[in-house]
Amino acid sequence: MNDKTQPILCFGDSNTYGYDPRSYLGDRYPENIRWTGILREQTHLDIRNLGQPGREIPGYQYEMQQLQNLIDTMPTPPCLWIMLGSNDLLNGRNITAETIADRMRAFLLYLTHQTVFSSGIMRILLISPPRMRPGQWTNAHIQSESARLGSCMETMLHELCREKQLSPRKLLFADAGLWNLPAAFDGVHLTEEGHRIFAEKISVFL
């Protein structure tokens, strides 16, 4: 997908951060267990973990601008990998997969209007989050909408590319919800094995 000299910014939530659900203090897995760290170790690429526990899809101008400011200060324009939507579902009252996909569409529209993208330098990989399982943090509605999120995001992305005449080679999609990733007791966070499988699956986009 990317020029091997380009940094890869992984912009996500706790499953990018590498949150360890066994910890009571908000600790994270060691770097060599997190999927970003596994990829960095295997490829020696500049893969940067911008995961933040609790992060939802940015919807306010200042949230989007913070990411844009980071990109603008980098000497080499990055590839941007985005994996968000789980917290939108967990924190929203009966929110649907379609609503989350609409939020992501607005965020992508902001990013694709930036010069670094429109000039053809930066590419974006949208990753639909891992499917949530039965657990302490989930209920039937969350599990059902999580299972639908990948198809909703993929449909949204195809429509966005067609409407805005964006090249699919610059705005790619991966559905981690189809990868049968093991989740911890909370039904949300990846286990150590889940991170390993995730790294293996996402490596085809390097």
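Bear in mind the structure is a predicted one, so any value in this text is a computation, not a measurement. Counting begins at 1 with the first residue of the sequence. All values below were derived from every heavy atom in this structure, side-chain atoms included, with hydrogens, water molecules and symmetry-related copies excluded.
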If we only count heavy atoms from C-beta on, is the E163 to R105 side-chain gap below 4.5 Å? yes
Test item: Q42 and S203 side chains (from C-beta on) under 4.5 Å apart, heavy atoms: no
For residues W137 and I142, determine if any side-chain heavy atom of one lies less than 4.5 Å from a side-chain heavy atom of the other. no
Of all heavy-atom pairs between P21 and H189, which one has the smallest distance, and what is that distance? CG-CB, 3.9 Å
Between atom CG of N15 and atom CZ of R34, what is the distance when rounded to the nearest 0.5 Å? 13.0 Å
Between H158 and P168, is there a side-chain heavy-atom distance shorter than 4.5 Å? no
State plainly whether the residues R148 and E145 are in salt-bridge range, i.e. N to O under 4.0 Å. yes
Check: K170 side chain, F117 main-chain N or O, donor-acceptor pair, under 3.5 Å: yes
Answer yes or no: is there a donor N or O on one side and an acceptor on the other, between the side chain of R28 and the main chain of G18, under 3.5 Å? no
Going by heavy atoms in the side chains, are L171 and L126 under 4.5 Å from each other? no
Quick one about Y60 and Q66 (side-chain donor to acceptor, distance below 3.5 Å, no hydrogens or angles considered), yes or no? no
State whether the number of non-hydrogen atoms from other residues, nucleotides or ligands found under 6.0 Å of E41 atom CD is greater than 12. no
Show your reasoning for whether side chain to side chain contact (heavy atoms under 4.5 Å, CB included) applies to I57 and I100. CA-CA 8 Å; I57 299 167; I100 296 172; 3.7 Å; yes
Side chain to side chain, I82 and L111, heavy atoms closer than 4.5 Å: yes
Side chain of Q68, backbone of M64: donor and acceptor closer than 3.5 Å? no
Point-to-point distance, once rounded to the nearest 0.5 Å, from CD1 of I202 to CD1 of I127: 4.0 Å
Report yes or no: is the cationic atom of R55 (NZ for Lys, CZ for Arg) closer than 6.0 Å to the six-membered ring centre of F11, at no more than 45° off its axis? yes
How far does OG1 of T16 sit from CG of L84, to the nearest 0.5 angstrom? 7.0 Å
Give a yes or no on whether the backbone of Q6 and the side-chain of T76 come within a donor-acceptor separation of less than 3.5 Å. no
Please answer: with hydrophobic residues joined when any side-chain heavy atoms are less than 4.5 Å apart, are I38 and I33 in the same cluster? no
How long is the gap from CZ on R131 to OG1 on T138, to the nearest 0.5 Å? 11.0 Å
Drop me the distance from C79's SG to L125's CG, to the nearest 0.5 angstrom. 9.0 Å
Can you tell if the side chain of I8 reaches within under 4.5 Å of the side chain of L39, non-hydrogen atoms only? no
Under 4.0 Å between a Lys/Arg side-chain N and an Asp/Glu carboxylate O for E200 and R196? yes
Rounded at 0.5 Å granularity, tell me how far CG in L108 sits from NE2 in H113. 11.0 Å
Kindly indicate, with the supporting measurements, whether the criterion side chain to side chain contact (heavy atoms under 4.5 Å, CB included) is fulfilled by K164 and T112. CA-CA 9 Å; K164 301 300 179 180; T112 56; over 6 Å; no
Quick one, I95 with R103, criterion side chain to side chain contact (heavy atoms under 4.5 Å, CB included). Give me CA distance, side-chain angles, the key distance, then yes/no. CA-CA 11 Å; I95 193 171; R103 291 181 181 180; 3.5 Å; yes
Taking it one step at a time, do I71 and Q114 satisfy side chain to side chain contact (heavy atoms under 4.5 Å, CB included)? CA-CA 10 Å; I71 293 171; Q114 305 309 307; over 6 Å; no
How are the rings of W35 and W81 set to each other: parallel, tilted or perpendicular (split at 30° and 60°)? parallel
Hydrophobic clusters here meaning ILVMFWY residues chained together by side-chain heavy-atom distances under 4.5 Å, can you tell me if L9 and M104 are in one? yes
L190 and I197, any side-chain heavy atoms less than 4.5 Å apart: no
